[in-house]
Number of protein chains: 2
Amino acid sequence: MEANGISQAVISRLPRYYRYLGDLKDEGIERISSHDLSVRMNVTASQIRQDFNQFGGFGQQGYGYNVEYLYDEIAKILGLNKKHNLVIIGAGHLGQALANYMNFERRGFFTKGLFDKDASIEGQEVRGLKIYSMDKLEEFIKENDIDIAVLTLPKQGALEVSKTLTACGIKAIWNFAHVDLELPKDVVVENVHLSDSLMKLSYRINSSQENEAENE
Amino acid sequence: MEANGISQAVISRLPRYYRYLGDLKDEGIERISSHDLSVRMNVTASQIRQDFNQFGGFGQQGYGYNVEYLYDEIAKILGLNKKHNLVIIGAGHLGQALANYMNFERRGFFTKGLFDKDASIEGQEVRGLKIYSMDKLEEFIKENDIDIAVLTLPKQGALEVSKTLTACGIKAIWNFAHVDLELPKDVVVENVHLSDSLMKLSYRINSSQENEAENE
DNA sequence: TAGATTGTTAATCGATTAACAATC
DNA sequence: TAGATTGTTAATCGATTAACAATC
């Protein structure tokens with residue numbers, strides 16, 4: 001039952017490793033040592049080896065890591081070898097922007113439909129995807145093997161729809177609404193709080209200016 | 001010169017505190033103890049007190065914290081009492097979605113213009129904001145007191161434009177491009193890597209399914 | 001074999017939690 | 001004054017870095 005050992009810190013570094021390995025692959029580089037990778041990525045070689053060893057060790061002494069093999073292994077760890085079907089709930093600008101983002105498909109994430117409570121846009125299409133009214137949501141999820149719901153709608157709507165979603169057994173929510181959802185613990189949630197991110201940027205602008213001032 | 005003591009962990013919790021304090025204020029609650037807040041936020045009271053004390057302590061023994069005062073203090077720490085002017089570079093769906101997001105204005109972030117290399121959309125408007133061609137960028141930044149550039153364009157474009165940006169002295173970049181920018185250390189960058197976030201979600205779907213399987 | 005580099009253990013560092021004296 | 005709750009120090013826990021034996 002234990003949330004399988006791997007720490008959050010390691011997991012959040014995985015996509016970045018994956019990106020760098022993809023770049024190496026594109027450059028035609030076959031193998032890389034933890035040291036060389038550490039220089040490129042600006043982290044310690046020790047951390048790289050520790051991280052990979054959480055999953056069993058993908059390297060070979062005296063050789064390093066085979067780029068393509070490691071790339072594929074990380075993909076498997078991240079579950080990118082499986083297909084996921086998504087619905088986007090909230091067909092505003094952000095929802096439509098995500099629907100238009102083709103790159104997700106390359107990684108196995110397929111948007112199947114958009115939903116919005118605004119009846120006037122029902123039936124419109126975004127990149128060939130229909131916008132449905134909210135009352136079709138439950139049926140659609142069941143019939144289209146949806147496993148991820150993307151919430152791009154305001155706070156209040158997000159709270160309401162999250163109940164429907166858990167009721168019809170969705171297992172993952174990608175939450176762009178500016179609110180913490182309360183969900184059964186077998187539902188995984190990943191939050192993207194854009195305004196939090198902007199505030200962090202603001203903090204750092206502020207504090208770096210203070211530092212400059214101090215040094216005058 | 002030292003990057004002023006406060007740890008990254010504390011800073012990234014600040015926006016969440018700010019949000020909860022805002023909610024408390026809206027509910028008309030005047031004061032709150034670290035314990036009561038810890039229950040609402042699902043963190044330890046100890047952490048709350050430690051965090052606030054990084055900035056000098058805003059509470060009073062036997063009383064707790066005054067909600068409105070604390071709210072305002074956090075706003076100041078985050079630099080939300082200052083105005084920031086932004087440009088959005090890359091007027092695709094995501095750029096337009098951000099331009100349409102009014103909530104940022106409430107916090108003092110004002111989008112002044114969008115830029116795109118696609119000449120055919122030059123002159124179009126998004127919520128009253130003009131789309132300009134890239135060659136107007138430098139001049140625009142200087143004339144409109146821009147301090148934040150938002151990068152919503154592909155990798156390659158982001159790398160190129162980041163050079164122009166540092167050349168004309170921009171101090172902060174909100175980077176949505178899927179690439180690590182190399183910048184002088186006085187330029188602050190906040191990355192929003194949406195596909196990284198989606199991969200983390202995917203990882204957790206994957207690992208929670210494995211856990212279920214183990215328990216059968 | 002010698003050199004390179006991993007996997008892994010041990011040491012260090014930092015962040016979180018617990019405890020409690022200070023004080024409103 | 002007694003009770004509540006902070007600010008802060010000390011203890012614990014976890015994550016990162018260093019070191020090195022194992023091994024390709």
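Naming convention: chains lettered A, B, ... in sequence-line order (proteins, then strands); numbering from 1 in each chain.
- Backbone-only engagement by A:Y65 is indicated by non-hydrogen atom pairs under 4.0 Å involving sugar-phosphate atoms exclusively.
- The nearest whole Å value for the distance from the OH atom in B:Y63 to the P atom in D:dG7 is 13 Å.
- Distances from the side chain of B:N53 to the nucleotides D:dG7, D:dT17, C:dT5 place D:dG7 closest.
- The side chain of B:Q47 has C:dT16 as its nearest neighbour among C:dT16, D:dT16, D:dT5.
- The aromatic rings of B:Y69 and B:F58 lie perpendicular to each other, with more than 60° between the two planes, well past the 30° mark.
- Distance CZ (A:R31) to C1' (C:dT6): 12 Å, rounded to an integer number of Å.
- DNA chain C forms stems at C:3-24 with D:3-24, each a run of 3 or more consecutive Watson-Crick or G-U wobble pairs whose two key distances fall under 3.5 Å.
- We find the CD-NZ distance between B:E73 and B:K76 to be 4.0 Å, quoted to the nearest 0.5 Å.
- By the neighbour-count criterion of 12 heavy atoms within 6.0 Å, atom CG of B:N42 is sparsely surrounded, having that number or fewer from other residues, nucleotides or ligands.
- Paired with A:F176 under the rule side-chain contact (heavy atoms from CB on, under 4.5 Å), one option of A:L151, A:N191, A:L153, A:T152 passes, and it is A:T152.
- Other residues, nucleotides and ligands place more than 12 heavy atoms under 6.0 Å from the NE2 atom of A:H193.
- Residue side chain A:Q50 reaches the base of C:dT9 through a donor-acceptor N/O pair under 3.5 Å, judged by distance alone.
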May I have the step-by-step check of side-chain contact (heavy atoms from CB on, under 4.5 Å) for B:L181 and B:L159, ending in yes or no?
CA-CA 7 Å; B:L181 304 173; B:L159 287 170; 4.1 Å; yes

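- In this structure, A:Q61 atom CD and C:dT6 atom P are separated by 9 Å, rounded to whole Å.
- Remark: C1' of D:dT6 and OH of B:Y69 are 14 Å apart, rounded to the nearest angstrom.
- Residue A:R13 is in sugar-phosphate contact alone, with no base atom involved, counting any heavy-atom pair closer than 4.0 Å across all strands shown.
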For A:F110 and A:F104, what are the C-alpha separation, side-chain angles and deciding distance, and is it a ring-ring contact (aromatic ring centres under 6.0 Å, His included)?
CA-CA 7 Å; A:F110 298 90; A:F104 296 147; over 10 Å; no

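- Look at CG on B:L37: it is 13 Å from P on D:dG7, rounded to the nearest Å.
- Here A:T44 lies in heavy-atom contact (under 4.0 Å) with sugar-phosphate atoms only.
- Between D:dT6 and B:S34, a contact under 4.0 Å exists linking OP1 or OP2 to a side-chain N or O.
- Distance CG (B:L70) to P (D:dT5): 16 Å, rounded to an integer number of Å.
- Counting to the nearest Å, the C1' atom of D:dT8 and the CG atom of B:D51 are 14 Å from each other.
- Within the 4.0 angstrom heavy-atom criterion, base atoms lie near B:S46.
- Atom pair B:H35:NE2 and C:dA18:P shows a separation of 12 Å (rounding to whole Å applied).
- In terms of phosphate contacts, A:R49 brings no side-chain nitrogen or oxygen within less than 4.0 Å of OP1 or OP2 of C:dG7.
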